[in-house]
Participant: 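Structure incoming, see below.
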Amino acid sequence: MTGQAFDRVIDKLTDSGAKIRTTSEGHASAQCPAHDDGNPSLSITRETDRVLVKCQAGCDTDEVLAALDLTRADLFDTPLQNSNDRKIVATYDYTDDHEALLFQVVRFEPKDFRQRRPDGAGGWIWQLGDTPRVLYRLPQVLAAAKAGQSVYVAEGEKDVQAIEKAGAVATCNPGGAGKWRSHHTAALVGAEVVVVADRDTPGRAHARQVVASLHSAGITARLLEPATGKDVTDHLASGHGLTDLAPVTADPDAEVIAADDATEEPETATES
């Protein structure tokens, strides 16, 4: 039935206590649940078989949905997956330079990712707010960079852990492809960096953006990709080593993703 997703989002906003204003048939605005929103900035628009939600103040859609206990599947009139069937299969801790937990990336099955931060009372808040978006494994990265050692930059946390098992220091930015920021580059000053691209167009575009950011800061960086499989986890699982990583192949469809440091928007992880 057309409009189910629109009604679902409106109901959740109502339950959250948000102020809602209907602007026209199938269009509404409301207070965004992902930030302190005094002037309603969330637009809700009904489409043919789905609903579009957008925070005009810059909040990431996934964080808006997390605050409403919804997923992207709920934006369709017929949900793509029943969110009640999800289960947590992995958590990835992001800490500050003194190893204090800042937030977690949570992986669900069926495949989905959410972010949460400690509430200080033993529970979780499923939105990051102004929590710093640091690099994964930040203390190890800073120590390696200070010592002038090699650091591998992968696209997701699972890949980082695979590289660590192979004996190297590795990291990734939270949020996946397209979410690299200048402060991530700053944390790698002094390191010899190897950026490992996922072997697809978005992965190569992201990796090129990371390399460009590193080079602009005077950091030595090489761009490589798996010799087999989609990502470095596949590469290592097939029996290859880190020294077997290959030069990135030509990808005429790839475009460098422009870094946007003007707004440090909330992010949701997207890992291979």
Side-chain angles (χ1 to χ4, degrees), residues 33-35 59-74 80-144 151-181 183-184 187 196 198 203 206 210 230-237 264-272:
H35 75 280
C59 291
D60 185 81
T61 298
D62 290 296
E63 187 150 295
V64 174
L65 295 175
L68 296 173
D69 195 27
L70 296 172
T71 70
R72 286 187 179 269
D74 295 312
L80 301 180
Q81 292 283 353
N82 184 346
S83 61
N84 293 328
D85 293 336
R86 296 183 310 163
K87 64 178 180 179
I88 295 175
V89 294
T91 58
Y92 306 106
D93 290 347
Y94 281 74
T95 72
D96 66 15
D97 55 344
H98 297 295
E99 300 192 2
L101 179 64
L102 294 173
F103 64 94
Q104 282 186 339
V105 168
V106 182
R107 180 175 182 141
F108 292 89
E109 195 64 46
K111 190 175 180 180
D112 188 20
F113 294 90
R114 297 269 295 276
Q115 296 173 333
R116 64 186 185 182
R117 58 187 166 95
D119 66 1
W124 300 98
I125 298 171
W126 289 88
Q127 53 182 299
L128 297 190
D130 60 359
T131 304
R133 274 54 163 190
V134 299
L135 287 175
Y136 190 44
R137 303 295 204 223
L138 181 63
Q140 295 90 328
V141 169
L142 293 175
V151 176
Y152 287 77
V153 175
E155 188 171 312
E157 295 88 357
K158 183 180 66 174
D159 294 329
V160 169
Q161 292 182 347
I163 293 171
E164 289 175 337
K165 288 180 181 178
V169 176
T171 189
C172 66
N173 59 274
K179 302 294 186 179
W180 188 266
R181 299 292 180 256
H183 64 274
H184 300 144
V196 185
D198 275 11
H206 170 70
V210 174
K230 178 181 180 293
D231 54 34
V232 69
T233 300
D234 293 340
H235 170 92
L236 293 169
E264 291 289 334
E265 77 276 11
E267 295 154 348
T268 292
T270 54
E271 180 197 348
S272 301

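Owing to the predicted nature of the structure, the values given are computational and were not obtained by experimental measurement.
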Participant: Does Pro139 offer a backbone N or O that forms a donor-acceptor pair with the side chain of Glu99 under 3.5 Å?
Facilitator: no
Participant: Is there a side-chain contact between Glu155 and Asp231, using heavy atoms and a 4.5 Å cut-off?
Facilitator: no
Participant: Is there a donor-acceptor contact under 3.5 Å from the side chain of His183 to the main chain of Arg133?
Facilitator: yes
Participant: Quick one: closest heavy-atom pair of Val196 and Val232, and the distance?
Facilitator: CG1-CB, 3.9 Å
Participant: Taking the side chain as every heavy atom from C-beta outward, state whether Asp159 and Asp198 have any atom pair closer than 4.5 Å.
Facilitator: yes
Participant: Quick check for you: to the nearest 0.5 Å, what is the distance between His184 atom NE2 and Thr171 atom OG1?
Facilitator: 8.0 Å
Participant: Got a second to check how far Gln161's CD is from Leu236's CG, nearest 0.5 Å?
Facilitator: 13.0 Å
Participant: Can you list every salt bridge (charged side-chain N to carboxylate O under 4.0 Å, His left out) pair that touches residues 164-178, not counting sequence neighbours?
Facilitator: Arg137-Glu164
Participant: Looking at every heavy atom in both Ile125 and Pro118, which two are closest together, and how far apart are they?
Facilitator: CD1-O, 4.5 Å
Participant: Would you name the heavy atoms of His35 and Cys59 that are closest together and state the gap between them?
Facilitator: ND1-SG, 3.3 Å
Participant: If you compare all heavy atoms of Arg116 against all heavy atoms of Thr91, which two are closest, and at what distance to 0.1 Å?
Facilitator: NH2-CG2, 3.9 Å
Participant: Evaluate the criterion side chain to side chain contact (heavy atoms under 4.5 Å, CB included) for residue pair Trp126 and Val106; output intermediate values, then yes/no.
Facilitator: CA-CA 10 Å; Trp126 289 88; Val106 182; 4.0 Å; yes
Participant: Should the heavy atoms of other residues, nucleotides or ligands under 6.0 Å from CG of Asp130 be counted, would the total exceed 12?
Facilitator: no
Participant: Which pair of heavy atoms, one from Leu65 and one from Arg72, lies closest together, and at what distance?
Facilitator: CD1-N, 3.6 Å
Participant: How many angstroms lie between CG in Leu135 and CG in Asp97, if you round to the nearest 0.5 Å?
Facilitator: 12.0 Å
Participant: Measuring from Phe103:CZ to Asp96:CG, what's the distance to the nearest 0.5 Å?
Facilitator: 11.0 Å
Participant: To the nearest 0.5 Å, tell me how far Gln104 CD sits from Ile88 CD1.
Facilitator: 8.0 Å
Participant: Angle class for the Tyr136/Tyr94 ring planes (parallel below 30°, perpendicular above 60°, tilted otherwise)?
Facilitator: tilted
Participant: Could you give me the CA-CA distance, side-chain angles and deciding distance for Lys179 and Asp60, then say whether side chain to side chain contact (heavy atoms under 4.5 Å, CB included) is met?
Facilitator: CA-CA 11 Å; Lys179 302 294 186 179; Asp60 185 81; 3.9 Å; yes
Participant: Does some side-chain heavy atom of Val153 sit less than 4.5 Å from a side-chain heavy atom of Trp180?
Facilitator: yes
Participant: Judged by atom type as modelled, is there a donor-acceptor pair below 3.5 Å linking the side chain of His206 to the main-chain atoms of Gly203?
Facilitator: no
Participant: Specify the closest pair of heavy atoms between Pro174 and Val134, including all atoms of both residues, with the distance to one decimal.
Facilitator: CD-O, 3.2 Å
Participant: Roughly how far, to the nearest 0.5 Å, is the CG atom of Leu102 from the OG1 atom of Thr131?
Facilitator: 7.0 Å
